[in-house]
Amino acid sequence: MFSMDQPSLASLTTILFTLTYAGLALGKVPGLRMDRAGIALVGATLMLVTGVLTLQEAVSPQCIDYETLILLLGMMIVVGCLRLSGFFRLLAHWCLGRIETPRGLLAVTILLSGVLSAFLVNDIVCLALTPLVLHLARRLRFDPVPHLIGLATASNIGSAGTITGNPQNMIIGIQSHISYLRFAARLFPVAVFGLLVNFWVIAFIYRRSLVPPKLVDVTGPILPESLPPLRRAHLWLLVKSVLAAVAAVVLFFTLPSQCLPLIALGAAAFLLVGRIVRPEKIYRQIDWSLLVMFAGLFVVVHAFRMHVVARWGIDGWTWLLNHPVDLLSGVSAVLSNLVSNVPAVLLFGPVMQAMPAANQETAWLALALSSTFAGNLTVLGSVANLIVVENARREGVSISFWDYCQVGAPLTLLTLALGIVWLKFVPY
């Protein structure tokens with residue numbers, strides 16, 4: 001460990017923090033094969049080896065939010081088992097297979113994606129639904145692009161409705177101690193209105209593509225008219241997974257927010273006990289890189305808070321602290337598109353703690369809503385967008401930056417405005 005005075009320590013911390021966040025914003029390091037998880041891990045390691053933080057400080061609960069990691073891990077296992085059991089395929093086939101018009105397909109895609117993403121992790125919902133929506137659009141000879149964009153944007157909007165909808169909401173839910181029921185009561189209605197706006201924007205922009213006679217020359221596998229019957233093992237896994245997921249959601253609504261990690265972990269443990277699926281298949285459903293990125297970011301942000309943010313005098317930022325909805329939402333939306341929403345939410349921690357007690361809950365909710373809705377601005381705005389675009393590309397369907405932005409830009413502005421108006425003027 002190196003011995004440094006406070007100004008030197010603050011300067012070194014700022015340099016390491018800036019380099020880490022620049023890498024996160026780019027999503028890679030030029031000339032190297034590094035992803036965001038690797039960048040966060042390297043940044044955290046540099047904080048340790050340079051003496052900015054000690055190992056004891058880095059592994060303390062004040063640094064790493066273990067409750068968020070446990071909640072995220074548990075939900076990944078629950079959703080992973082649902083995916084392995086064929087739940088998403090059955091649900092999507094049942095709902096989408098009854099659609100005959102492009103607008104009908106778009107409406108059901110947005111509804112299905114939004115509702116599932118509200119209670120399950122939106123990234124995994126997109127991973128499961130993208131091939132199904134794509135194949136059904138091909139079977140019906142519809143242009144798949146508007147439906148895939150609807151899937152991605154709806155997953156972001158729907159996930160804003162509850163604490164378990166996305167990773168940044170999990171962080172906010174754990175740190176704010178807002179109950180699951182209260183969080184959903186405030187933000188789920190906004191998410192529902194946002195889904196309606198989503199349909200209207202896509203239906204208007206892609207109005208020529210959403211005409212029934214429109215034919216698209218595409219090739220690739222086609223979703224069958226009917227699914228083969230489930231084997232007994234898969235049927236039991238399906239029943240067990242749905243039971244665990246429903247029980248977890250019910251308990252989320254009825255128990256205090258402090259119990260959320262234990263509920264998710266209990267549901268995951270219940271699914272791991274059995275002889276139906278080999279554990280390694282379930283482990284492959286877990287996004288380990290996301291957990292590594294979270295752990296690394298907790299360390300990097302904690303060091304920045306200790307040595308830099310603590311000297312900023314946030315308590316005197318009346319221009320922001322006295323406007324917990326409009327200004328905070330705008331700053332959050334911009335920062336979320338610069339460095340991604342999870343790092344942005346972590347960075348706002350000290351600002352949230354400095355908020356007057358009367359404004360804290362509203363500020364946390366505004367941060368959750370704005371950081372999530374901002375993910376719809378561009379393809380790079382959220383992981384869910386990238387999952388849809390990359391999976392479509394592998395199947396031969398290209399969604400260009402402009403294809404997405406012509407929907408994402410107006411949709412983000414409209415939903416952000418809707419969220420700000422809702423939180424400022426609708427009493428609760």
Side-chain angles (χ1 to χ4, degrees), residues 1-66 68-69 167-168 171-172 175 289-317 319-321 328 330-354 367 371 374-375 378 380-383:
M1 178 175 177
F2 304 100
S3 178
M4 289 180 285
D5 55 23
Q6 187 58 40
S8 299
L9 198 59
S11 298
L12 177 59
T13 304
T14 301
I15 292 171
L16 296 178
F17 175 85
T18 302
L19 291 174
T20 302
Y21 265 61
L24 291 170
L26 293 173
K28 60 183 179 179
V29 176
L32 299 176
R33 291 185 176 179
M34 292 180 66
D35 59 1
R36 285 188 169 91
I39 292 167
L41 182 59
V42 170
T45 303
L46 289 174
M47 292 290 186
L48 295 176
V49 300
T50 57
V52 173
L53 286 180
T54 66
L55 184 59
Q56 289 71 29
E57 289 172 331
V59 298
S60 68
Q62 291 74 32
C63 179
I64 297 179
D65 191 341
Y66 293 101
T68 297
L69 293 179
Q168 65 269 19
I171 295 173
I172 291 170
Q175 294 187 1
S289 64
L290 183 61
L291 295 175
V292 170
M293 187 186 79
F294 266 49
L297 277 175
F298 283 136
V299 174
V300 172
V301 173
H302 182 68
F304 190 67
R305 287 178 184 173
M306 281 182 59
H307 300 296
V308 180
V309 177
R311 306 171 64 183
W312 285 356
I314 293 177
D315 291 340
W317 289 9
W319 60 275
L320 182 58
L321 302 183
L328 178 66
V331 175
S332 166
V334 172
L335 189 59
S336 294
N337 275 282
L338 290 176
V339 298
S340 187
N341 39 31
V342 170
V345 165
L346 288 176
L347 196 56
F348 269 97
V351 178
M352 296 297 105
Q353 299 302 329
L367 180 61
S371 63
T378 71
L380 304 176
S382 77
V383 175

Do the side chain of [X] and the main chain of [Y] share a donor and acceptor less than 3.5 angstrom apart?
X: H307; Y: V52; result: yes
X: E57; Y: T54; result: yes
X: Y66; Y: V59; result: yes

Just verifying a value: how many Å separate [X] [atom1] and [Y] [atom2], rounded to the nearest 0.5 Å?
X: Q62; Y: R305; atom1: CD; atom2: CZ; result: 11.5 Å
X: L12; Y: T50; atom1: CG; atom2: OG1; result: 4.5 Å
X: L41; Y: R36; atom1: CG; atom2: CZ; result: 15.5 Å
X: L9; Y: T13; atom1: CG; atom2: OG1; result: 4.5 Å
X: H302; Y: L346; atom1: NE2; atom2: CG; result: 12.5 Å

Is any side-chain heavy atom of [X] less than 4.5 Å from a side-chain heavy atom of [Y]?
X: I15; Y: L19; answer: yes
X: V331; Y: F348; answer: yes
X: F17; Y: V308; answer: no
X: L69; Y: F298; answer: yes
X: F294; Y: D65; answer: no

Which atom pair, heavy atoms only, marks the closest approach of [X] to [Y]?
X: A40; Y: M293; result: CB-O, 3.7 Å
X: C63; Y: A58; result: SG-O, 3.4 Å
X: S332; Y: S371; result: OG-N, 3.6 Å
X: M47; Y: L16; result: CE-CB, 3.7 Å
X: A37; Y: V292; result: O-CG1, 4.0 Å

- prompt: side-chain contact (heavy atoms from CB on, under 4.5 Å) between I39 and D35: does it pass, once the steps are laid out?
  reply: CA-CA 6 Å; I39 292 167; D35 59 1; over 6 Å; no
For [X], which residues count as a side-chain hydrogen bond (donor to acceptor under 3.5 Å, both in side chains) partner, sequence neighbours excluded?
X: T20; result: none
X: S382; result: N156, N385
X: S289; result: D287

Item checked: Evaluation steps, side-chain contact (heavy atoms from CB on, under 4.5 Å), between V299 and L53 -> CA-CA 8 Å; V299 174; L53 286 180; 3.8 Å; yes
